[in-house]
2 protein chains.
Amino acid sequence: MHKRENVSMSVVRRLPRYYRFLHHLKVTGVTRISSTELSKKLGLTASQIRQDLNCFGGFGQQGYGYMVGQLCDEICKILGLSSGYKTILLGAGNLGRAIANHMSFQAEGFQLIGVFDNSPDKIGTTIGGLTVSDVSGLEDFCKERLPIMAVLCVSRSAAEQLAKILYDLGIRNFWNFSHYDIYLKYPDTTVENVHLNDSLMTLCYRISNNSISAKKEEKPEQQISD
Amino acid sequence: MHKRENVSMSVVRRLPRYYRFLHHLKVTGVTRISSTELSKKLGLTASQIRQDLNCFGGFGQQGYGYMVGQLCDEICKILGLSSGYKTILLGAGNLGRAIANHMSFQAEGFQLIGVFDNSPDKIGTTIGGLTVSDVSGLEDFCKERLPIMAVLCVSRSAAEQLAKILYDLGIRNFWNFSHYDIYLKYPDTTVENVHLNDSLMTLCYRISNNSISAKKEEKPEQQISD
DNA sequence: TAGATTGTTAATCGATTAACAATC
DNA sequence: TAGATTGTTAATCGATTAACAATC
């Protein structure tokens, strides 16, 4: 694992797909794969795959290809999937519940250690194996447990308030499902936004303007389950 | 509204943000805005905004800027947000519930007309104002009501089975939250994938490799609530 | 009119693809 | 060895940014 500098987000966003696909192959018992085979299954070019992987190191062998297990492990390391970053989730609505379950059964580098809400309906219920706490206990909790990441499954206005509190408590990483733009206010944070509305509106555009051009622009976003 | 050919996905994916932001301005009572002002608020260049908008028409006035209300309406039309495409949702788990509520209060071009699940726990419950039906009634329902879009909030294997059924029933548009790759099998479909796992793994990478380069690559993805 | 800001063309930048020497 | 496939450099393509004439 050499280089690792100036890796563009275009490359980084393809890594999870590589990982997932390789993991699937590994489980299936495939031990070896060439960039060409991989490219066909992923709908990318072999060239791109080799370029991408070589941002991180030379994991293949000329004339042979890549060892599936080894490459999968390398990407796992690159992504930092065994980091177990301590994480809290704010907002125990349907989305929060879905995310909490999702995160608990997908060991993807994070460890959910607390869930908070301000609604009496939700406080005390269990989600993702954790009891929902009153948001009034957030500060003490953070000072004691020192989470480094927060998932925001709350409204825009709640997100705005919470971002300030969490930032002041030292949290710099956010998985943000709200419309509030954390990054604008706090440029030294790492924010991954999930904008469901945008995705849906984009789909609406694509359906409404169902021209060949619109369709062919979109790369097939292939996925393999893990 | 002229041109509308060869509009790249890069442009299309920015439209929802423009729309949301302009809508917010409109509500706030702002009537006029220049590309420069807009660019500052969105973290884009003025040039890019003008380029993007001019894919669809010349909506501005030299020396003046853009009329917020008019531009907002135009983008609304471009996106097709009043289409009310008849939509069904498959999978009434937490994610399905969250999505159903989301879609019902966001009039974003779709009209949810049915929700299906195969679990006796869920059948008969209400989500997003609709009663969850047994998936055994899916075929009859589709033949009668003719939905054109399906939201898949189910597991990979269920998605694989359902995609076939839905495709055979004539559905060609999917909002896909599963890992199953519909587009690979059915290339004449329009699929918008939401890959929560990928998003989370990308965040894990960014935290693990928290270099300046990794951070600056990512454009601030600013959002404004609507 | 003068100032401002668009629409659009040209220049730059970055990402993808092609090609091929290195080498297993 | 011969065949295959990588790692990497060069060429191409597309998207973003800069510049400026048009014009409100």
Side-chain angles (χ1 to χ4, degrees), chain A residues 1-15 17-18 22 30-68 70-71 74-75 78 213-214 216-221, chain B residues 1-15 17-18 22 30-68 70-71 74-75 213-221:
Chain A
M1 213 187 296
H2 50 143
K3 321 174 197 182
R4 185 83 65 101
E5 270 174 44
N6 302 324
V7 178
S8 77
M9 278 306 290
S10 306
V11 174
V12 172
R13 292 204 181 280
R14 280 191 293 269
L15 291 178
R17 286 181 63 203
Y18 293 151
L22 288 163
V30 179
T31 55
R32 201 211 116 188
I33 196 157
S34 71
S35 59
T36 307
E37 288 174 87
L38 209 47
S39 74
K40 278 174 194 155
K41 309 222 187 199
L42 288 165
L44 303 171
T45 63
S47 219
Q48 182 166 61
I49 291 172
R50 293 201 302 275
Q51 283 273 30
D52 285 356
L53 296 178
N54 280 295
C55 291
F56 303 98
F59 303 128
Q61 281 200 340
Q62 278 103 328
Y64 180 83
Y66 299 87
M67 298 292 291
V68 169
Q70 187 215 321
L71 185 55
E74 290 289 355
I75 297 179
I78 292 164
S213 61
K216 82 178 170 207
E217 288 287 346
E218 183 75 337
K219 288 267 176 59
E221 294 182 22
Chain B
M1 211 187 297
H2 47 142
K3 321 174 199 184
R4 184 82 64 102
E5 272 174 44
N6 302 325
V7 178
S8 77
M9 279 305 293
S10 306
V11 174
V12 172
R13 293 204 179 280
R14 280 191 292 270
L15 291 178
R17 288 181 61 204
Y18 294 150
L22 287 163
V30 179
T31 55
R32 200 211 118 188
I33 196 157
S34 70
S35 57
T36 307
E37 287 174 87
L38 208 47
S39 74
K40 279 174 194 154
K41 308 222 187 197
L42 287 165
L44 303 171
T45 63
S47 219
Q48 182 165 63
I49 292 173
R50 293 202 302 276
Q51 284 273 31
D52 285 356
L53 296 178
N54 280 297
C55 291
F56 303 98
F59 303 126
Q61 280 201 342
Q62 277 104 327
Y64 181 83
Y66 299 86
M67 296 293 289
V68 170
Q70 188 217 320
L71 185 55
E74 290 289 354
I75 298 180
S213 61
K215 288 186 92 173
K216 82 178 168 205
E217 287 288 345
E218 184 73 335
K219 287 267 176 60
E221 292 180 24

Inset, instruction - Could you tell me the separation between the CZ atom of B:Phe56 and the P atom of C:dT8, rounded to a whole number of Å? - result: 14 Å
Inset, instruction - For the side chain of B:Gln51, starting at C-beta, report the closest nucleotide among C:dT16, C:dA10, D:dT5. - result: C:dA10
Legend entry - C:dT17 phosphate, OP1 or OP2, under 4.0 Å from A:Thr45 side-chain N/O: yes
Legend entry - Rounded distance in Å - CE (A:Met9) to P (C:dC13): 22 Å
Inset, instruction - Identify the two heavy atoms, one from A:Thr36 and one from A:Ser39, that lie closest to each other, and give their separation to 0.1 Å. - result: O-OG, 2.6 Å
Inset, instruction - Please state how far atom CE in A:Met67 lies from atom P in D:dT5, giving the value in whole angstrom units. - result: 15 Å
Legend entry - Atom pair CG/CG of A:Leu53 and A:Leu15 - distance to nearest 0.5 Å: 8.0 Å
Inset, instruction - Establish, with yes or no, whether the OP1 or OP2 oxygen of D:dT6 is under 4.0 angstrom from a side-chain nitrogen or oxygen of A:Ser35. - result: yes
Inset, instruction - Report the residue from A:Leu71, A:Thr31, A:Leu22 that forms a side-chain contact (heavy atoms from CB on, under 4.5 Å) with A:Tyr66. - result: A:Leu71
Legend entry - Any donor-acceptor pair under 3.5 Å from A:Arg32 side chain to A:Tyr64 backbone: yes
Inset, instruction - Would you mind reading off the distance between A:Arg13 atom CZ and C:dA15 atom P, rounded to a whole angstrom? - result: 13 Å
Inset, instruction - Check whether any side-chain N or O of A:Arg14 sits under 4.0 Å from OP1 or OP2 of C:dA15, and answer yes or no. - result: no
Inset, instruction - Would you kindly give the CD-to-P distance between B:Gln48 and C:dT6, to the nearest whole Å? - result: 15 Å
Legend entry - Which nucleotides of DNA chain D pair, in dot-bracket form (Watson-Crick or G-U under 3.5 Å, | meaning another strand): ..||||||||||||||||||||||
Inset, instruction - To the nearest 0.5 angstrom, please state how far the OG atom of A:Ser35 sits from the CG atom of A:Leu44. - result: 11.0 Å
Legend entry - Separation between CD1 of B:Ile75 and CZ of B:Arg14, rounded to the nearest 0.5 Å: 12.0 Å
Inset, instruction - Let me know which of B:Glu74, B:Met67, B:Arg50 forms a side-chain contact (heavy atoms from CB on, under 4.5 Å) with B:Phe59. - result: B:Glu74
Legend entry - Whole angstrom value for the distance that separates P of D:dT16 from CG of B:Leu53: 14 Å
Inset, instruction - Output yes when at least one side-chain N/O atom of B:Tyr66 is less than 4.0 Å from OP1 or OP2 of C:dG7, else no. - result: yes
Legend entry - B:Arg32 CZ to C:dT5 C1', straight-line distance once rounded to whole Å: 8 Å
Inset, instruction - To the nearest 0.5 angstrom, please state how far the CG atom of B:Leu38 sits from the CD1 atom of B:Ile33. - result: 4.5 Å
Legend entry - Euclidean distance, atom CD1 of residue B:Ile49 to atom C1' of C:dT5 [Å, nearest integer]: 13 Å
Inset, instruction - Do nucleotides 19-24 of chain C as a string where each nucleotide becomes B, S or -: B if the base has a protein heavy atom under 4.0 Å, S if just the sugar-phosphate does, - if no protein is that close. - result: BB-BBB
Legend entry - Heavy-atom donor-acceptor pair, A:Gln48 side chain to A:Thr45 backbone, under 3.5 Å: no
